[in-house]
Each structure stands twice: as structure tokens, then as C-alpha cells.
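For reference, the structure is listed below as C-alpha cells.
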There are 2 protein chains.
Amino acid sequence: MVREALAALLGLEGDIEVVAQVARGEDVVGAARDAGAQVALLDIEMPGAMTGLDAAAAVRAELPQVRVVIVTTFGRPGYLRRAMEAGADAFLVKDAPAGQLAEAVRRVLRGEKVIDPVLAAAALSEGADPLTPRERDVLRAAADGSLNADIARRLHLSEGTVRNYLSTAIQKTAARNRAEAVRIALERGWL
Amino acid sequence: MVREALAALLGLEGDIEVVAQVARGEDVVGAARDAGAQVALLDIEMPGAMTGLDAAAAVRAELPQVRVVIVTTFGRPGYLRRAMEAGADAFLVKDAPAGQLAEAVRRVLRGEKVIDPVLAAAALSEGADPLTPRERDVLRAAADGSLNADIARRLHLSEGTVRNYLSTAIQKTAARNRAEAVRIALERGWL
DNA sequence: TCCCGCGGATGACAGATGTCATGGGTGTGG
DNA sequence: CCACACCCATGACATCTGTCATCCGCGGGA
């Protein structure tokens, strides 16, 4: 519904034409190629296995002439960082005024980058993700309230190892327990 | 951005006119009255103190002739229940096709109720919220990973009492610890 | 009147969690 | 070759968490 609504909004602009819409990240590259798109507008949170950031990287790799605009619900600095690493040209949050959307499309077509300066500052001041891949796995597995034993079974680890990884993750996030660590890592876009 | 986009979408329909838009729940009743709206379209998750459900109840109380359509990101059965209790005429989730939005507006104007039958069945089979107000408070306070001592201080309770309330909440949600209880209660729309 | 649910509290106990020291193996870069 | 980071594990320990029994006071129904 939101996708179709944003398409309607862009369609009202005389100089912009919506040439394709897809629901899943896996379908982005194909649709963009078939429709001859000049700009791809992607949400980070999408159904399916592929996130909008993955789709952005795929577009950048396979259709380098296509500009990528990321629109997301959550203005997490970590998202911005990862979007830039994935090769995005613009990064917008959904609670920005609607006019910024069309404006961003026009500007990336002129070769400009479009980034909220406040968010950019936050992303830079925050520092990079300090978690190792395994710490991320364990933290993600702990997010739903699983017991250490469950996590150990799911990741084929010993229970003590799970405790060790969680302990380091808790310290790196400056949290006091796993729940706080999960919340902080989520806010920072590290999961 | 999403609000303006949905307004653009509805504006494309010949028989529907968007007469007002507001960002915060507190402004809904005033704007609906001033604009002479026939239908109020409300999101549950809104900035400001007033949720969309509160706004729905306010509209129902002060402008009884105005139909209320709830649109929400999360199709939680508890949300549906609370929306109906607040006097909503329609309940839509945002990942439904865009056409359903205009269709719902037309149908509530004809006096019909619009509810996804799958969600209705889920809401009925799930049973009502079993939590007492205090259990809800404590569970909400525990959601961010606070220690028992923090929660006790924040709610002016003893630490043991916090443990007791959490224990009963954990049993009522059939969870194994507080984190799981929080997740389940959130999914059910009990918080 | 009596019972029951709710709010609030205490104490005791078992189990889960977080920390630390310490060990091993692997791979990568200087 | 050595240092270093990462991965995985164990054991010990302190603390936090979850459960249970038990108590008090209050108010609403039967």
C-alpha cells in the first residue's frame, strides 16, 4: 500500500515517470533492467530474504548507471552507513516531508548525493560496528528471548561460549544485560 | 511522507476528496470538525502522546457522524480488538493492496464495517488481554532491558514486587522469561 | 457476611545469566 | 616467524531472575 502510494505521489510530478514496482528485493534488478529505469527507490525493510541494502548493492553491481535512493522508516545512523557502503546515492527517512522524495530523485539524476546532514553527523560520531560476526549472530539469536541453551543448540555452540559472546557484546554496547545490548545494537543498525 | 503519499493516492479517486491532514493525534478532532470530514483515516503509530486508537475514541465521542478507518503497519489481533472497542468502522493493514484503501472509505460511508476476516478470526481465537494494569506497567518498563531495581525505582515498588508481577506476566503469556513475555505481549497488542 | 481478585510486600530457594581467567585452534598481515 | 584477531571451549564465581509460600489491606459481588 505504501509503495503504491509513494508511486502515486511521484506520478503527480510532471517530470517523473514510475516505470516499475516490485514487492521483493530479489525482483529489483530484473525489473529495473526490463523497464530501463534511471533511478531505483528502495525501502530497507522489505519482505523476502533480500533487504533493501542487499538490493542496493545488487543494483550498483549489475546496473551501475542506475541511481539508488534509499527510503526507510528508521533513521538509524548504522543504516545510513551501510546504505552508503552499498553504493546508495540518496538516503531519506519516511517522516521527512513528501516533497523531498521527488526532489531527491531529481538531484541524484544530476549526479548529486542526498543525505540528511544531521544523520550524517550522527553516523560519523557513532563509530563503526564493533561486533564480530559471531557476536552479531548470538545477539540476534538472543533477541527473541531465547535461553542460552536454545541459542547454543541453534548455532551449534556450547552454552558457555554463548555466554562469552554475549558478555563481550554487552561490554561493546556498554549495556548491562543482553536485552539492553539487543536494543542498543538495533538502534545503531548493527543487527 | 507516508501520510501525504496516501493522500495523493486517495486524491486520484474521482469520488474522494482529502479535506485535511494532521501529523499528531491531538489535532484530529479539531481538523475533522473544521474541514467537515465524513471519514477520518488514522494510523495507530503516531508521534505525540495520543495514539491513533485514542484519536479514534475521541472522534467517536465528539463527532459521532464521522466514520473512522484505522490503517496500521502491524496486523496485531489485539490492535484490531482495541480499534473495535474504540469505535472504528474499518481496520486495514498497510501491506494490503492500495485499492483497498479507497474501497474501505466508500464502504464505511455506506455504513458497512470493513475488517479482514483472517485477522478477525485471530482476534477472537486469541482471547482477551489477561494482564492486570500493574502487570502491564511492569512488563512495559522491563521492555528496554532495565534491571528489576530500575523498574522498582521507576514505578515506586519494591524489587520483590517487580519480580512477582513479572512472574505472573510470564505465566500468563506462557513465556519462559521476561524478554519472551514482552515479545508475546507486543505481538498480541497487549502493551 | 464471606469470598475473591487486585495491589503491595517479604523471605527463601533454584536456576539462569554475566564475568573472568585460561586454554586451544585458525588465519592474516607485518 | 610473530603478533594479533577471531573462534570455540571449560570452570568458578557473583549476581540477577523466576518461583513459591505467606502475609496485609482494600473493594466489589454473591
Side-chain angles (χ1 to χ4, degrees), chain A residues 78 81-82 85 126-191, chain B residues 78 81-82 85 126-191:
Chain A
R81 177 197 320 278
R82 285 158 66 190
E85 285 165 3
E126 189 177 71
D129 182 350
L131 301 174
T132 70
R134 225 50 182 136
E135 286 162 358
R136 237 190 317 279
D137 292 341
V138 174
L139 206 51
R140 227 192 316 260
D144 63 350
S146 294
L147 305 176
N148 286 334
D150 299 333
I151 303 171
R153 213 172 313 113
R154 214 180 321 161
L155 299 183
H156 307 292
L157 291 174
S158 101
E159 205 172 318
T161 305
V162 171
R163 283 217 296 277
N164 288 340
Y165 281 134
L166 277 174
S167 183
T168 60
I170 288 167
Q171 288 177 268
K172 286 179 178 177
T173 51
R176 290 171 304 171
N177 53 47
R178 61 183 68 197
E180 225 176 46
V182 166
R183 182 174 57 77
I184 291 168
L186 271 180
E187 282 169 9
R188 304 254 223 273
W190 292 345
L191 293 188
Chain B
R81 179 199 319 279
R82 284 158 66 190
E85 285 165 4
E126 189 177 70
D129 182 351
L131 300 175
T132 70
R134 224 49 181 138
E135 286 162 359
R136 235 190 318 279
D137 292 341
V138 174
L139 206 51
R140 228 192 314 261
D144 64 350
S146 294
L147 304 176
N148 286 332
D150 300 334
I151 303 171
R153 213 171 316 111
R154 214 179 321 160
L155 299 183
H156 308 291
L157 292 174
S158 103
E159 204 173 321
T161 305
V162 171
R163 283 217 298 278
N164 288 340
Y165 282 134
L166 277 174
S167 182
T168 60
I170 288 166
Q171 290 178 269
K172 286 178 177 178
T173 51
R176 288 172 304 171
N177 54 47
R178 61 184 68 197
E180 229 176 43
V182 165
R183 183 174 55 77
I184 291 170
L186 272 180
E187 282 170 8
R188 303 252 222 275
W190 292 344
L191 293 188

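Letters A, B, ... are given to chains in the order of the sequence lines, protein chains preceding strands, and every chain is numbered from 1.
- Phosphate proximity of C:dT19 to A:Ser167: present, with a side-chain N or O under 4.0 Å from OP1 or OP2.
- Contact annotation for B:Asn177: backbone-only contact, meaning every heavy-atom pair under 4.0 Å involves sugar-phosphate atoms and none involves a base.
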Please assess B:Glu180 against B:Thr173 for the test side-chain contact (heavy atoms from CB on, under 4.5 Å), listing each intermediate value before the final yes or no. CA-CA 9 Å; B:Glu180 229 176 43; B:Thr173 51; over 6 Å; no

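- Under a 4.0 Å N-O distance rule, the pair A:Arg82/A:Asp129 does not qualify as a salt bridge.
- Of the N and O atoms on the side chains of B:Arg153 and B:Asn148, not one donor lies less than 3.5 Å from an acceptor on the other residue.
- Here A:Arg176 does not reach the OP1 or OP2 of C:dG18: none of its side-chain N or O atoms lies under 4.0 Å away.
- Side-chain N or O atoms of B:Lys172 include none that pairs as donor or acceptor with a backbone N or O of B:Leu131 at under 3.5 Å.
- If you take CG of B:Leu131 and P of C:dG7, they are 11 Å apart, rounded to a whole angstrom.
- Rounded to an integer number of Å, the gap from CD1 of B:Ile170 to C1' of C:dG15 is 13 Å.
- Side-chain contact of B:Glu135 with B:Thr168: a donor-acceptor pair under 3.5 Å is present, judged by distance alone.
- Whole-Å rounding puts the B:Ile151 CD1 to C:dG8 C1' distance at 16 Å.
- A salt bridge links A:Arg176 with B:Asp150: the distance from a Lys NZ or Arg NE/NH1/NH2 to an Asp or Glu carboxylate oxygen falls below 4.0 Å.
- We find that CG of A:Asn164 is positioned 16 Å from C1' of C:dG25, with the value rounded to whole Å.
- Between B:Arg134 and A:Leu166, it is B:Arg134 whose nearest contact on DNA chain C lies nearer the 5' terminus.
- B:Glu159 places its CD atom 12 Å from the P atom of C:dA9, with the value rounded to the nearest Å.
- Rounded to whole angstrom, the span from the CZ atom of B:Arg178 across to the P atom of C:dA16 amounts to 15 Å.
- The residue A:Arg163 sits close to a base: some heavy atom pair falls under 4.0 Å.
- Dashed line: the shortest gap from a side-chain N or O of A:Asn148 to OP1 or OP2 of C:dT17 is under 4.0 Å.
- Read 5' to 3', the first and last nucleotides of DNA chain D with an atom closer than 4.0 Å to a heavy atom of chain B are D:dT17 to D:dC20.
- Residue B:Thr132 places at least one side-chain N or O under 4.0 Å from the OP1 or OP2 atom of C:dG7.
- Under 4.0 Å is where a charged nitrogen must lie from a carboxylate oxygen, and between B:Arg81 and B:Glu85 no such pair does.
- Computed from coordinates, the A:Leu147 CG to C:dG15 P distance equals 14 Å when rounded to whole Å.
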